[in-house]
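Notes follow the structure.
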Amino acid sequence: MDKKLVIPGEFLSDDIKLADEGTYVEDNKVFSSVFGIASLKNHIKVVPLSGKYIPRHGDLIIGIISEVSFSNWIVDIRSPYEGLLHISEFPRRIDNSEMSKYLKVGDSIMTLVKDVDQSMKVELTLNDQRLRQIKDGRVIEVTPSKVPRLIGRSGSMIAMLKNETNCNIFIGQNGRVWLTGKDKNLDLAVRTIQKIEKESHIPGLTDRIVNFLKEAKGIPVKQQVKKKTKKEEDRWHEQEPAEETVDEKMTEETVMEDAEEPENVEENKSGGILDELLDK
Amino acid sequence: MVKPEKLIENGIRLDGRKPDEIRPIKIKVGVLNRADGSCYFEFGGNKVIAAVYGPREVHPRHQQKSTSAVVRYRYNMASFSVEERKRPGPDRRSIEVSKVSREALEPVIFQEYFPRSAIDIFVEVLQADAGTRTAGINAASIALADAGIPMRSLVSACAVGKIDDTLVLDLNKDEDNYGQADMPIAMTPDGKITLLQMDGHLTRDEFREGLEMAKKGCLEIAQLQRTALMEKYSPLIEGEVNE
């Protein structure tokens, strides 16, 4: 496949119409603007191997409250810019004086980027069925540019991971990953995610991860009981990419992988909201 | 060291190099775990380490620009980096080097992508042997790429000078001390010059010829920079073509 490692300033193509993320155009030629993996098929884009999370409208992310001000919570979103969660974006009407009763410094939240303006003022919201405060489990961090690989093509990687480790996993676009489940399973899931992060640029990732999980557990395990959980989880993750351009990134990103799970497509439609599952 | 009688004899320099030869270079990418990007760079007797952080929040706040990132560059020599102990901390020289090095890198960084943020570059000279600013720029440009910061291209730097009325590439300490001119140059691989300084004297023709020599030197360094970046991931990437 047309993937290669490129450095900034590397010539990629003469067709400027195909230029996409991670590239720039000069003298009617497309050059790479970052150090990363270039894919030349359909669109010419370069996915950086490292870098900070830059918030975009519609991203689902995990933030940590860093300050409570008069009518805003200031949220660390693992980016050069801080997130602002206005009191009116909280699902319930609450009083200014009671803000830290609901969310205090250090609390983690799943949140949605409602708006980002020119000067990178980032407005967040909790006013969405899918959003909530994170009260249990673990949050780990991965390089934001590797998030699409961790999710896999139409959620294949993450679905497999959830299925194999018996954990609930939510991946924020800012590279924070929230996992809930039994301690032992969590350990395995965390190790696997770290492996994915480290090796995401090597082809054949899915196969290696499958083997890694099998090895770690001694035997391949079939999960019949967890079926319902999986259904719901899949739906949750499918929604994410569908919302905006990330969608395309994910599909593009993971074309390398052969493992696809057609069953997901069916399951996405069924299943409800995660409330009971997450609010234990 | 006292001034040697001749700095160049039969076209061979004191350290055995030809006039248009650069010193051996060793590069290692990603040497610091806590930095977003880093690079260790050896340029003959020079040993420098570069670390890049960012884009990140700007402190103090008043330095931030509302439409682009600010680039901050700190060049620092360790007190043990030279024979006679250097008094630690910034001095007139290192402030100047920091400024010109920053300006050598700014043109290639897409600063406008990150309004209200800062990109911090730290260059520490562990051992100095003439040409530390060029070594610092070479290292910093690799560290920037390693940090995933969008750039138009890498920047490579090397010096030309004149010793015993002969133009030579990449001066070492003795040639710098007893030579007639020293001209550090930084440029992109396509030949856009981002830094050009000179002390000493060159004629117009020498200047033109020197510039061409420096171009060749920079191109050679650009190749090595590229290879070093590729190597960071190459042990893992084999088989990418047949995918």
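A note on names: the letters A, B, ... follow the listed sequences, proteins ahead of strands, and every chain is numbered from 1.
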- Query: Backbone N or O of A:P55 within a donor-acceptor pair of the A:Q173 side chain at under 3.5 Å?
  - Reply: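 Not confirmed, A:Q173 side chain does not pair with A:P55 backbone.
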- Positions in residues 21-35 of chain B that reach chain A, provided some heavy atom is under 4.5 Å away: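 Near chain A, by residue number: none.
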- Item | Closest-packed option against chain A by number of heavy-atom pairs under 4.5 Å, given B:E57, B:R116, B:R56 |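 Max contact count across the listed options: B:R116.
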- Task: Heavy atoms only, distances under 4.5 angstrom: which of B:A147, B:P189, B:S141 has the most pairs with chain A? Name it, please.
- Result: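 Option with the greatest count: B:A147.
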- Task: Can you tell me which residue pairs pass the ring pair (Phe, Tyr, Trp, His ring centres under 6.0 Å) test with a partner in residues 59-79 of chain A, sequence neighbours excluded?
- Result: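 As it turns out, the ring pair (Phe, Tyr, Trp, His ring centres under 6.0 Å) pairs with a partner in residues 59-79 of chain A, which skip direct neighbours, are A:W73-A:F90.
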- Pairs involving residues 116-136 of chain B, ordered by first then second residue, that meet ring pair (Phe, Tyr, Trp, His ring centres under 6.0 Å) (sequence neighbours left out):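 Qualifying pairs, neighbours excluded: B:Y53-B:F122.
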- Is the count of non-hydrogen atoms from other residues, nucleotides or ligands lying under 6.0 Å from B:Q63 atom CD greater than 12?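 Yes, CD of B:Q63 has more than 12 neighbouring heavy atoms, counting only those of other groups under 6.0 Å.
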- Message: Whether the A:E82 and A:S66 side chains hold a donor-acceptor pair (N or O, under 3.5 Å, no angle test) is what I'd like checked.
- Response: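 There is no such pair between these side chains.
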- Which one, A:S33, A:G36, A:G22, A:G9, leads in non-hydrogen pairs under 4.5 Å with chain B?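 Among the listed options, the one with the most contacts to chain B is A:S33.
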- Query: What residue, out of A:L49, A:T143, A:I54, has the most heavy-atom pairs lying under 4.5 Å from chain B?
  - Reply: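 Among A:L49, A:T143, A:I54, the one with the most close pairs to chain B is A:L49.
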- Query: Measuring heavy-atom distances to chain A, does B:I149 have an atom under 4.5 Å in its side chain, in its backbone, in both, or in neither?
  - Reply: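 When you check distances to chain A, only backbone atoms of B:I149 fall under 4.5 Å.
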- Keeping to residues at least two apart or across chains, list the salt bridge (Lys or Arg N to Asp or Glu O under 4.0 Å) pairs with something in residues 141-155 of chain B.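 Every pair satisfying salt bridge (Lys or Arg N to Asp or Glu O under 4.0 Å) with a residue in residues 141-155 of chain B: B:D146-B:K232.
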